A.B. asks: 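This structure is in structure tokens; I'll ask about it shortly.
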Amino acid sequence: MASIEPFPEPIYVTRPILPDLQAFYLKLNAIWAAKQLTNNGPQLKILEEKLLQKLKVPNLSLLNNGTTALMLACKSLELAGEVITTPFTFAATPHVLTWNNLTPVFCDIDPISLNIDPKKIEACITPQTRAILGVHVFGTPCDVFKIQNIADRHGLRVIYDAAHAFGVEINGKGIGTFGDISMFSFHATKLFHTAEGGALAYNDHNLKQYINLLRNFGIKNEEEVILPGINGKMNEIQAALGLVILDGIDREMSKRKDIADKYQQCFTGTDGINCMMLNDVSIKPNYQNFVIRIDQQRFGMSRDDVYDELKKYNIYTRKYFYPLCSNYGNYTELPSSKAGNLPIANKIAGEVLSLPFYGDLSLDSVEKICLILTGMKK
Ligand code: T4K
């Protein structure tokens, strides 16, 4: 261990795809010529069209970030009451419910997928329940069929936070076709990004006009404002960045696949390190994150100690998603936040570690990270 030198430069958990500047410049030139910087401009329309194809969804609306998109998803379904969701997610998921005056009801997660556990959803349903908000965490799809079955039997709507699930498919169907409405995040930390950005995908064509009004203050025309919308618009520079990044997305995914394979290969046989990998042939993965679980008993070192130790080598991993949302100060008073209600989520939040994962990470660096990490085993 002592003989391994730290990386000369910091190695972060992710790095955004940065497209060829010349290609981006050409798009900027077109924007300059049109002098239209936002408000449903031509770049946005082209990107919306291309993403419809790429994500294999029937309807898509682009927004300025994933959080606004999820806000509008809840608004568009006109929900009031309780929404069953997962505590193992980014802050935005439950916060969006709170901003919509909805009460999050935290349901425990499945220990393999780390997504909301369908077996535990029905016990969370009360007369106030209106919807289920699943998160396809790290790009692993929720059990969409079981969730839809529960929703249908209880008259609930289904929303998916697909922030991590760009390009994921189940049996060749775009992940955004499941449930009533799905949100994608195009933040710089996501596989596909527009620096900041997001989208809603939905099957009901009638939602399109409503969502597009909601993202533009409810303005119908110069003389009619017909509902209390907000400013959720993606601007032309974001859309142009998205267009050039989209051209390189398949290459990025294939590089990430090689990195994921290398990590897996290097960790094989290390007792106490478990790689979160999809082993379901019906699912097309997207390689959004590479996550391991560290079993302290078997590995001989806790996740937190591994995280701290890696920093000494200039490796900056992340504990996504620790702390659990149910343990945030503003949610601890909810009955569903009790640790006894969420035993799996509480255990897993103490074990997960997101490792550096992006196309420009060399396979030699991956090998070195693995060598450092496996060398910590006691
Ligand atoms: N739902 C879920 C399940 C989500 O994960 C998210 C967002 C949302 C909803 C909301 O979607 P958005 O409204 O964001 O579109 C990051 C992101 O800010 C956040 O978008 C993301 N999830 C979350 C999982 O991660 P932080 O606080 O961990 O980001 P930060 O700035 O520490 O970045 C992580 C690492 O990435 C840095 O150490 C270095 C690298 N990085 C980051 C940025 C922003 C770069 O190299 N370049 C960059 O520009 O939250």
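Keep in mind that what you see is a predicted model, and the values were worked out from it rather than measured. In each ligand, atom 1 is the first atom listed, and ligand 1 is the first ligand listed. Sequence positions, counted from 1, serve as the residue numbers for this chain.
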A.B. asks: What protein heavy atom sits nearest atom 13 (O) of ligand 1, and how far away is it?
C.D. replies: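 Residue, atom and distance for the closest contact: Thr67 OG1, 2.5 Å.
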A.B. asks: Have Ser61 and Asn212 got a donor and an acceptor in their side chains that come within less than 3.5 Å?
C.D. replies: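 Yes, a side-chain donor-acceptor pair sits under 3.5 Å.
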A.B. asks: Under a heavy-atom criterion of less than 4.0 Å, does Pro16 contact ligand 1?
C.D. replies: yes
A.B. asks: Heavy-atom distance under 4.5 Å between the side chains of Tyr202 and Ile211, does that happen here?
C.D. replies: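 Side chain of Tyr202 against side chain of Ile211, heavy atoms only: contact under 4.5 Å found.
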A.B. asks: Applying a heavy-atom cut-off of 4.0 Å, say which part of Val137 lies close to ligand 1: side chain, backbone, both or neither.
C.D. replies: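 None of Val137 does.
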A.B. asks: So which protein heavy atom does atom 33 (O) of ligand 1 come closest to, and at what separation?
C.D. replies: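 So the nearest neighbour among protein heavy atoms is Thr189 CG2, 3.8 Å.
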A.B. asks: Each residue besides Leu334 in its hydrophobic cluster should be listed here, by chain and number; the cluster joins Ile, Leu, Val, Met, Phe, Trp and Tyr at side-chain heavy-atom distances under 4.5 Å.
C.D. replies: Phe106, Tyr328, Tyr331, Leu342
A.B. asks: Within the 4.0 Å heavy-atom shell around Ala92, which atoms of ligand 1 are there?
C.D. replies: 8 (C), 9 (C), 10 (C)
A.B. asks: Indicate whether the side chain of His205 and that of Asn59 have a donor and an acceptor atom separated by less than 3.5 Å.
C.D. replies: yes
A.B. asks: Does even one non-hydrogen atom of Met183 get within less than 4.0 Å of ligand 1?
C.D. replies: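 Yes, that is the case, since the closest heavy atom of the residue is under 4.0 Å from the ligand.
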A.B. asks: Starting from atom 22 (N) of ligand 1, what is the nearest protein heavy atom, named by residue and atom, and what distance separates them?
C.D. replies: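 Residue, atom and distance for the closest contact: Lys190 NZ, 3.0 Å.
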A.B. asks: So if I count the atoms of ligand 1 from 1 in the order they appear, which ones are less than 4.0 Å from some heavy atom of Thr89?
C.D. replies: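 Contacts of ligand 1 toward Thr89, numbered from 1: 3 (C).
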A.B. asks: Among all protein heavy atoms in this structure, tell me which lies nearest to atom 8 (C) of ligand 1, with the distance rounded to 0.1 Å.
C.D. replies: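 Protein heavy atom at minimum distance: Phe90 CD2, 3.6 Å.
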A.B. asks: Quick check on atom 31 (O) of ligand 1 - does any protein heavy atom sit closer than 4.0 Å to it?
C.D. replies: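 It does not: no protein heavy atom is found less than 4.0 Å away from atom 31 (O) of ligand 1.
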A.B. asks: Against ligand 1, does Gly197 come closer than 4.0 Å with any heavy atom?
C.D. replies: yes
A.B. asks: Looking at atom 5 (O) of ligand 1, what's its closest protein heavy atom, distance included?
C.D. replies: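 That would be His164 NE2, 2.7 Å.
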A.B. asks: Show which atoms of ligand 1 fall inside a sub-4.0 Å distance from at least one heavy-atom site of Ala163.
C.D. replies: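 Listed by number with element: 1 (N), 2 (C), 3 (C), 4 (C), 9 (C).
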A.B. asks: Among protein heavy atoms, which sits nearest to atom 38 (O) of ligand 1, and what does the distance come to when rounded to 0.1 Å?
C.D. replies: Tyr12 CD2, 3.6 Å
A.B. asks: Is there any N or O on Tyr320 that sits under 3.5 Å from an N or O of ligand 1?
C.D. replies: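 Yes - when backbone and side-chain N and O of Tyr320 are compared with those of ligand 1, one distance drops under 3.5 Å.
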A.B. asks: Using modelled atom types only, decide if a donor and an acceptor are shared between the side chain of Asn115 and the backbone of Val137 within a distance under 3.5 Å.
C.D. replies: yes
A.B. asks: Using the ring of Phe166 (Phe, Tyr or Trp, six-membered ring only), decide whether Lys190 places NZ or CZ under 6.0 Å from its centre and within 45 degrees of its axis.
C.D. replies: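 Because its charged atom misses either the 6.0 Å distance or the 45° angle limit, Lys190 does not stack over Phe166.
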A.B. asks: Just checking Phe192 against Phe186, ring centres under 6.0 Å apart?
C.D. replies: yes
A.B. asks: Which atoms of ligand 1 sit under 4.0 Å from any heavy atom of Arg318?
C.D. replies: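 Counting from 1, the qualifying ligand atoms are 26 (P), 27 (O), 28 (O), 30 (P), 32 (O), 34 (C), 38 (O).
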A.B. asks: Do Lys368 and Phe7 form a cation-pi contact, if we require the NZ or CZ to be under 6.0 Å from the six-membered ring centre and within 45 degrees of the ring's axis?
C.D. replies: yes
A.B. asks: Out of all atoms in ligand 1, which are within 4.0 Å of some heavy atom of Thr93? Include the element for each.
C.D. replies: 1 (N)
A.B. asks: May I ask you to identify, for Leu70, whether its side chain, its backbone, both or neither come under 4.0 Å of ligand 1 on a heavy-atom basis?
C.D. replies: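 Neither; no heavy atom under 4.0 Å.
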A.B. asks: Strictly under 6.0 Å, is that where the ring centroids of Phe357 and Phe138 end up?
C.D. replies: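 Here the rings of Phe138 and Phe357 have centres that are no less than 6.0 Å from each other.
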A.B. asks: With respect to Gly66, determine whether any N or O atom, backbone or side chain, lies less than 3.5 Å from an N or O atom of ligand 1.
C.D. replies: yes
A.B. asks: Quick check: does any side chain N or O of Asn289 sit under 3.5 Å from a backbone N or O of Val291, one acting as donor and the other as acceptor?
C.D. replies: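 Not confirmed, Asn289 side chain does not pair with Val291 backbone.
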A.B. asks: Does NZ or CZ of Lys319 fall inside the cone over Tyr307's six-membered ring, less than 6.0 Å from its centre and within 45° of the axis?
C.D. replies: yes
A.B. asks: What class does the angle between the rings of His164 and Phe321 fall in, given that below 30° is parallel, 30 to 60° is tilted and above 60° is perpendicular?
C.D. replies: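 If you compare the ring of His164 with that of Phe321, the planes turn out parallel.
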A.B. asks: Give the atoms of ligand 1, by number and element, whose distance to some non-hydrogen atom of Val13 is under 4.0 Å.
C.D. replies: 35 (C)
A.B. asks: Can you tell me which residue and heavy atom of the protein come closest to atom 44 (C) of ligand 1, and the distance to 0.1 Å?
C.D. replies: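 Sorting protein heavy atoms by distance from atom 44 (C) of ligand 1 puts His187 CE1, 3.7 Å first.
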A.B. asks: Should you measure from each heavy atom of Ala188, which atoms of ligand 1 turn up under 4.0 Å away?
C.D. replies: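 Close to Ala188: 49 (O).
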A.B. asks: For atom 41 (N) of ligand 1, grab the closest protein heavy atom and report residue, atom and distance to one decimal in Å.
C.D. replies: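 Nearest protein contact, heavy atoms only, for atom 41 (N) of ligand 1 is Thr14 O, 4.1 Å.
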A.B. asks: Using a 6.0 Å cut-off, check whether atom NZ of Lys75 has over 12 heavy atoms from anything other than its own residue.
C.D. replies: no
A.B. asks: Can you name the atoms of ligand 1, numbered from 1 with element, that are less than 4.0 Å from a heavy atom of Ser185?
C.D. replies: 11 (O), 12 (P), 15 (O)
A.B. asks: Enter the distance from Thr93:OG1 to Leu70:CG here, rounded to the nearest 0.5 Å.
C.D. replies: 6.5 Å
